[in-house]
**Q** 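Structure provided below as C-alpha cells; questions to follow.
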Amino acid sequence: MPVFYSPFSETLQLGLAPMGGSVFTNNRTADSDFIREQENASVVNELVSHLPLQMLLYFNMFYFPCWWFSAVFMLEVKFYYLPGYYQALLITGMILLTVIEVVRLYLGYIGNLREKVPELAAFWLLSFMFQLPVLLFFLTDEGIIILPLERAIHSLYFLFLLAQILATFLALRVMTRKLTLLFHLRQFGKVESFHHTAVSPVFGLPYHRSVLPVSPAYNMYQ
C-alpha cells in the first residue's frame with residue numbers, strides 16, 4: 001500500500017486541526033501541542049452516546065402503551081359529551097401522536113446508540129414540533145373536558161418530552177463537536193493515528209480500535 005506524506009509537520013497539523021472553532025486564541029508551545037494531541041485522541045475515541053437520553057427512551061417505551069390505553073379509555077368515556085369538532089380534533093391528535101411516537105422512538109434509539117446526528121436531529125424535531133404542541137393541546141384546552149386521569153398521564157408524558165428534548169440537545173452538541181473534530185483531522189490524515197488501544201478479552205493482548213470504518217483485515221494486523 002503506498003504511503004503518502006503530508007507536506008506539513010505534525011505540530012502544524014495538530015495546531016491547524018482545532019482552528020475551526022477559534023483562531024489564534026493563545027500561543028502554543030511544544031507542551032501545549034502535545035496536550036492538544038492527547039485531547040484530540042481522547043475525543044476521537046470517545047463514545048458519545050448519551051446515557052440519560054437512552055434511559056429516558058427506555059422508560060418512555062414502556063410508559064407509552066400505558067398512556068395510550070388510558071387516553072383511549074378516557075376519550076371513549078367523554079366522547080359523546082364533546083362537540084363534533086372536538087371529537088375530530090381528539091381523534092386526529094391521538095392518531096398523530098401514536099404514529100409519530102413509534103417513528104420518534106426508533107429514530108431516538110438509532111441516533112443515540114449509533115451516534116448518528118441526522119436521526120437524532122429528526123428525533124428532536126419530531127419531539128419539539130409535533131408531539132409537544134399536540135400534548136399541550138390535550139393539557140390546556142378545557143373544552144375537551146380534561147378528566148383527572150387524563151391530566152395525570154398527560155403531565156407525566158409532558159415531563160418525559162421536556163427531559164428528552166433537553167437531553168437530545170446536549171447529546172447533539174457533543175456529537176457535532178466530535179464530528180467537527182474528525183472532519184478537521186481527516187484533512188491531515190491524523191484520525192487513523194488516534195486508535196484506541198485496549199486489551200483483548202480472549203488473549204489478553206493489546207489491540208487497536210478505530211472509530212472509522214475499516215476492513216477486518218486492517219484491524220487484524222495492527
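What's counted below: heavy atoms across the whole structure, side chains too, no hydrogens, waters or symmetry copies. Heads up: numbering here begins at 1 and tracks the sequence.
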**Q** How about F138 and L90: do any of their side-chain heavy atoms sit closer than 4.5 Å?
**A**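 A side-chain contact exists here, since the closest heavy-atom pair is under 4.5 Å.
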**Q** Over all heavy atoms of both residues, which pair between L56 and A167 is shortest? Give the atoms and the distance, please.
**A**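 Here L56 and A167 meet closest at CD1-CB, 4.2 Å.
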**Q** Which residue pairs pass the side-chain hydrogen bond (donor to acceptor under 3.5 Å, both in side chains) test when at least one of the two sits in residues 162-171, sequence neighbours left out?
**A**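 Every side-chain hydrogen bond (donor to acceptor under 3.5 Å, both in side chains) pair that includes a residue of residues 162-171, provided the two are not neighbours, is N60-Q164, R104-Q164.
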**Q** If you define the side chain from C-beta out and look only at heavy atoms, does anything of D141 sit under 4.5 Å from L89?
**A**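 Contact flag for D141/L89 side chains = no.
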**Q** Residues two or more places apart in sequence or in another chain: which of them pass side-chain contact (heavy atoms from CB on, under 4.5 Å) with L51?
**A**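 With sequence neighbours excluded, L51 shows a side-chain contact (heavy atoms from CB on, under 4.5 Å) to M55, given in chain and number order.
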**Q** For Q54, check side-chain hydrogen bond (donor to acceptor under 3.5 Å, both in side chains) against everything at least two apart and list the hits.
**A**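 N112.
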**Q** My understanding is that only residues two or more places apart in sequence, or in another chain, count here; which of them pass side-chain contact (heavy atoms from CB on, under 4.5 Å) with F128?
**A**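 Partners of F128 under the side-chain contact (heavy atoms from CB on, under 4.5 Å) test: W124, L132, I165.
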**Q** If every non-hydrogen atom of L149 is compared with every non-hydrogen atom of S70, which pair is closest and at what distance?
**A**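 Smallest interatomic distance, heavy atoms only, reads CD2-CB, 4.4 Å.
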**Q** Are F64 and F160 close enough that some pair of their side-chain heavy atoms sits under 4.5 Å apart?
**A**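 Result no, sub-4.5 Å side-chain heavy-atom pair not found.
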**Q** Holding to ring-ring contact (aromatic ring centres under 6.0 Å, His included), I want the full list of residues that pass it with F158, two or more places apart in sequence or in another chain.
**A**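 Applying ring-ring contact (aromatic ring centres under 6.0 Å, His included) to F158 gives none.
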**Q** Please examine the side chains of W68 and L97, heavy atoms only from C-beta on, and report whether any two atoms are closer than 4.5 Å.
**A**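 Result no, sub-4.5 Å side-chain heavy-atom pair not found.
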**Q** Between I153 and A71, what is the shortest heavy-atom contact and its length?
**A**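 So the minimum-distance heavy-atom pair works out to CD1-N, 3.8 Å.
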**Q** Parallel, tilted or perpendicular: which one describes the rings of W67 and H154, with boundaries at 30° and 60°?
**A**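 Ring orientation of W67 relative to H154: tilted.
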**Q** Same cluster for F59 and V102 if Ile/Leu/Val/Met/Phe/Trp/Tyr side chains link at under 4.5 Å?
**A**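 No, separate clusters.
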**Q** What distance separates L120 CG from H50 NE2, expressed to the nearest 0.5 Å?
**A**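 One finds 10.0 Å between CG of L120 and NE2 of H50.
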**Q** Ring centres under 6.0 Å, that's the criterion: do F73 and F69 meet it?
**A**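 Not under 6.0 Å, so no.
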**Q** Take atom CZ of F137 as the centre, draw a 6.0 Å sphere, and report whether it contains more than 12 heavy atoms from other residues, nucleotides or ligands.
**A**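 It does: F137 CZ has more than 12 such atoms within range.
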**Q** Find the distance between CG (L159) and CG (L135) and round it off to the nearest 0.5 Å.
**A**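 CG of L135 is found 9.5 Å from CG of L159.
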**Q** Determine whether K116 and I110 make a side-chain contact, defined as any pair of heavy atoms from C-beta on separated by less than 4.5 Å.
**A**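 Result yes, sub-4.5 Å side-chain heavy-atom pair found.
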**Q** Rounded at 0.5 Å granularity, tell me how far OH in Y81 sits from CD1 in I145.
**A**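 Reported value, rounded in 0.5 Å steps: 9.0 Å.
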**Q** Looking at A171 and L53, what are the two nearest heavy atoms and their distance?
**A**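 So the two residues come closest at CB-CD2, 4.4 Å.
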**Q** Do Y109 and Y58 have side-chain heavy atoms sitting under 4.5 Å apart?
**A**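 The answer is yes, as the side chains (C-beta and beyond) meet within the 4.5 Å cut-off.
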**Q** Quick check: closest heavy atoms across L172 and T176, and the distance to 0.1 Å?
**A**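 So the minimum-distance heavy-atom pair works out to O-OG1, 2.7 Å.
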**Q** Let me confirm one number: the CG-CZ distance from L82 to F79, rounded to the nearest 0.5 Å.
**A**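 L82 atom CG to F79 atom CZ measures 7.5 Å (nearest 0.5 Å).
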**Q** Please answer whether the main-chain N or O of M175 pairs with a side-chain N or O of E115 as donor and acceptor at a distance below 3.5 Å.
**A**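 A pair under 3.5 Å: no.
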**Q** Test your reading of the model: is there a side-chain donor-acceptor pair from K78 to the backbone of L147, 3.5 Å cut-off?
**A**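 Checked: no pair found.
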**Q** Find the distance between CG (L126) and CG (L161) and round it off to the nearest 0.5 Å.
**A**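 The CG atom of L126 sits 11.0 Å away from the CG atom of L161.
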**Q** Is there a continuous path of hydrophobic side-chain contacts, each under 4.5 Å between heavy atoms, that joins M129 to I100?
**A**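 Same hydrophobic cluster.
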**Q** Under the side-chain hydrogen bond (donor to acceptor under 3.5 Å, both in side chains) rule, collect the residues that match up with Q131, sequence neighbours excluded.
**A**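 With neighbours one apart ignored, the set is E101, Y157.
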